[in-house]
4 protein chains.
Amino acid sequence: MNPDARRSQILDMATRVFSESGYGGSDMQGIADALGIAKGTIYLYFNSKKELFLAATLRAIENLANTIKREVKTASGPLEKIRAIIGAHLRFSSENRDLAEIIARERGEFLAHAEETYYKVFSENTKYLEEILRYGITDGIFRDTDVEQTTAILANLLAGTIFTHTLRQGRNETGPSTDAITDFLLNSILYERNIL
Amino acid sequence: MNPDARRSQILDMATRVFSESGYGGSDMQGIADALGIAKGTIYLYFNSKKELFLAATLRAIENLANTIKREVKTASGPLEKIRAIIGAHLRFSSENRDLAEIIARERGEFLAHAEETYYKVFSENTKYLEEILRYGITDGIFRDTDVEQTTAILANLLAGTIFTHTLRQGRNETGPSTDAITDFLLNSILYERNIL
Amino acid sequence: MNPDARRSQILDMATRVFSESGYGGSDMQGIADALGIAKGTIYLYFNSKKELFLAATLRAIENLANTIKREVKTASGPLEKIRAIIGAHLRFSSENRDLAEIIARERGEFLAHAEETYYKVFSENTKYLEEILRYGITDGIFRDTDVEQTTAILANLLAGTIFTHTLRQGRNETGPSTDAITDFLLNSILYERNIL
Amino acid sequence: MNPDARRSQILDMATRVFSESGYGGSDMQGIADALGIAKGTIYLYFNSKKELFLAATLRAIENLANTIKREVKTASGPLEKIRAIIGAHLRFSSENRDLAEIIARERGEFLAHAEETYYKVFSENTKYLEEILRYGITDGIFRDTDVEQTTAILANLLAGTIFTHTLRQGRNETGPSTDAITDFLLNSILYERNIL
DNA sequence: AATGAATGAGAATTCATTCAT
DNA sequence: AATGAATGAATTCTCATTCAT
């Protein structure tokens, strides 16, 4: 089997298993069994359980970061770009539950490493949001708010959305929609709400 | 030693140790050592490591819930009550890092149990917020928004604030202030922003 | 059970098992089984298999060094002291096969560590022998040989005696006797052989 | 590549690696890597790790035995033949460290097999030495000692020389020289020392 | 109530060996 | 002949939990 494909296949299964059972609740044999391969094979591609977990997390986080980047690039105009960032998070949480969940699991298991992971996404987010906000303020469509605080608020809101997504699902609840969040945000920051 | 005091002492240390090292990264011997007692003694008060961890988490969560309840009761008027809820979360994160951190750790380790924990706080939050919002809408000071969505948004924002608090600290960053979040929220939901 | 006694008991069995099967050929479970205790118990006293092995070796080497020291002290006169050193090695090999064997095993398994072990005994030997030889030369009973070379020769002879002891036993052969070695040595170094 | 050459090349590298790291400390992958060949290739020439190790040891032993035989044959007269045997061991230890070291390693790892190995060399030694001694005694140049004991003593001395060679090197020490050992021996066994 | 020695199930990891290509 | 990916048995080590004192 092609090494890249095998590596990717292991990562897929590891993501699924770790997402379902957490790091401590999963074992290497279980991942191997689920793939129908030998335990030793996993170690040909990853040096340890921790490395496998973190590789799976990293891939998830990069996937999220790419999703955001792609959608922001596609969107035109500050309002649409903001909606794109919010939408990217919600869609990512819904469509890639394993990926979203493993990101949240990392937070509890490897705090120090999670810092880096977290900043991979959120520093990107921050960059985009600050640009958009500054542009909008200069342009006169946004109120002259403290850009950094506003950005941090939205970052927390989006992080909270991902961290609570699975929790809500366990209760058959749905969180706020992209539209609701976007409206909420714009109502707060727009200079003239009535352009909505 | 008074049994309740000993139990409480063990919970305190467990909270500290689990907060620092996570569930998988902590061991019973370490907690006993830190207390200067024998490992077996812990088992006189808690049946298992998991039970100890969840008891510590539960206490943390109740502490947060009580903090919120107390401050909301003290505050007068919808605006002040909203500010109190937000402030309670931020102050709790700052002043009780261990407690905030163990709540975040539980999310990654015991997902199913975390659902309950989470709802202990957030259903309370939700109840208060929905009341406040409905009251404010009826009263005409808030726009006529979808109350459930708005509540869910704020819940996510506050959860994100707790979950990212330690992460930010690792980077020597501070998150948004109570004032910033409150202003942000009110600007969005107030019927007339200029009353601020 | 008394911790020192237990530690000692584990060391005894480890010495026996490692002597019989070598380091690679032994496993911790086997040692535990032979003692009728749990594997984990061994780890309460020794942190790793290697540490257990080296502790057993160290004890063996100290035992040999003490045997030599005791017998040299007891013997009176240079000729008797020399005989005592030689006799101590031969008796040690015969009466403490496990101990002699584990010393030889260490040589093959942990070369770097064996250096230290080896010098624990042989620097002691060297010290005694050089003293005795110098004394005898000054006194006129020994020829004026190169003391360091002669000492090194006897050290090699005694090391060879220990290292080959088990090998010879496997062939039902006996090595040279204390008397033979002593006579051999004295015939070489005495100024006048006929005092023998 | 010529099969014999490849086999030989593998044995060379195996000897080096096993000499440096011991049997347990070496792995087949490491040997293959050092040769720049695939691990599986080694198994085309040797059926197992143990077989490879023992083949390397056997070759080393035969090399030593041949060295001795060659030098004994070349030397003329009992005194020179004795010097040749001693010199062969010392030169072998110095010039073929890997070979000498793997012989010592085998002693600790495969005791039963080492018996055979050991006797390959030492029975040869014994044969030569006993012949020489008996000849010298009959001839009147050697004292009438117990030939077997004297032979065993020299065998132990030479074995000890090989087993301690690497140990001494780790301490930057040199063992006794060929001349010193030969003089020592002859002073002991010669009927008239003054012919030296 | 407290202790801490002992337990042993459990998991990670290694690596000699195989075999399809 | 050579390869190197795959295997899985074997082993070390950990640590939650128990229990005799």
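Here is how names work: the chains are called A, B, and so on, in the same order as the sequence lines, proteins then strands, and each is numbered from 1.
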Task: Range on DNA chain E touched by chain B, heavy atoms, distance below 4.0 Å - done: E:dA1 to E:dA6
Would you confirm whether [X], through its side chain, and [Y], through its main-chain N or O, come within 3.5 Å as a donor-acceptor pair?
{"X": "D:K120", "Y": "D:L58", "result": "no"}
{"X": "D:Y23", "Y": "D:K50", "result": "yes"}
{"X": "A:S8", "Y": "A:D4", "result": "no"}
{"X": "C:N66", "Y": "C:E62", "result": "yes"}

TODO: Assign A:P3 to base, sugar-phosphate, or nothing according to its heavy-atom contacts below 4.0 angstrom with the strands shown.
DONE: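 No contact at all - A:P3 keeps every heavy atom at 4.0 Å or more from the nucleic acid.
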- [ ] Report which part of the nucleic acid C:F46 touches: base, sugar-phosphate, or nothing (heavy-atom distance under 4.0 Å, all strands).
- [x] nothing
- [ ] For E:dT21, give its Watson-Crick or G-U wobble partner with both distances under 3.5 Å, or none.
- [x] F:dA2
Open item on the list: When both hydrogen-bonding distances must be under 3.5 Å and the geometry is Watson-Crick or G-U wobble, what is E:dG10 paired with, if anything?
Closed with: F:dC13
- [ ] With DNA chain F as reference, determine whether B:K50 or C:K50 sits nearer its 5' end, using the nearest nucleotide of each.
- [x] C:K50
TODO: May I ask you to say whether D:R16 pairs ionically with D:E101, meaning some side-chain N is under 4.0 Å from a carboxylate O?
DONE: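 D:E101 and D:R16: not salt-bridged.
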- [ ] Report the distance from atom CE of D:M13 to atom CG of D:D33, rounding to the nearest 0.5 Å.
- [x]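 CG of D:D33 is found 10.0 Å from CE of D:M13.
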Task: Exercise: identify the closest heavy-atom pair between C:R107 and D:A104 - done: NH2-CB, 3.1 Å
- [ ] Answer yes or no for B:R105 and B:F18: cation-pi contact, defined as NZ/CZ to six-membered ring centre under 6.0 Å and angle to ring axis within 45°.
- [x]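 No, B:R105 and B:F18 do not form such a contact.
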Open item on the list: Return whichever of B:R6 or C:I42 has its heavy-atom-nearest nucleotide of DNA chain E closer to the 5' end.
Closed with: B:R6
Could you go through nucleotides 14-16 of chain F and list every protein N or O atom that sits under 3.5 Å from one of its N or O atoms, giving the distance for each pair?
residue: F:dA16; atom: OP1; partner: B:K49; partner atom: NZ; Å: 3.0
residue: F:dA16; atom: OP2; partner: B:M28; partner atom: N; Å: 2.9

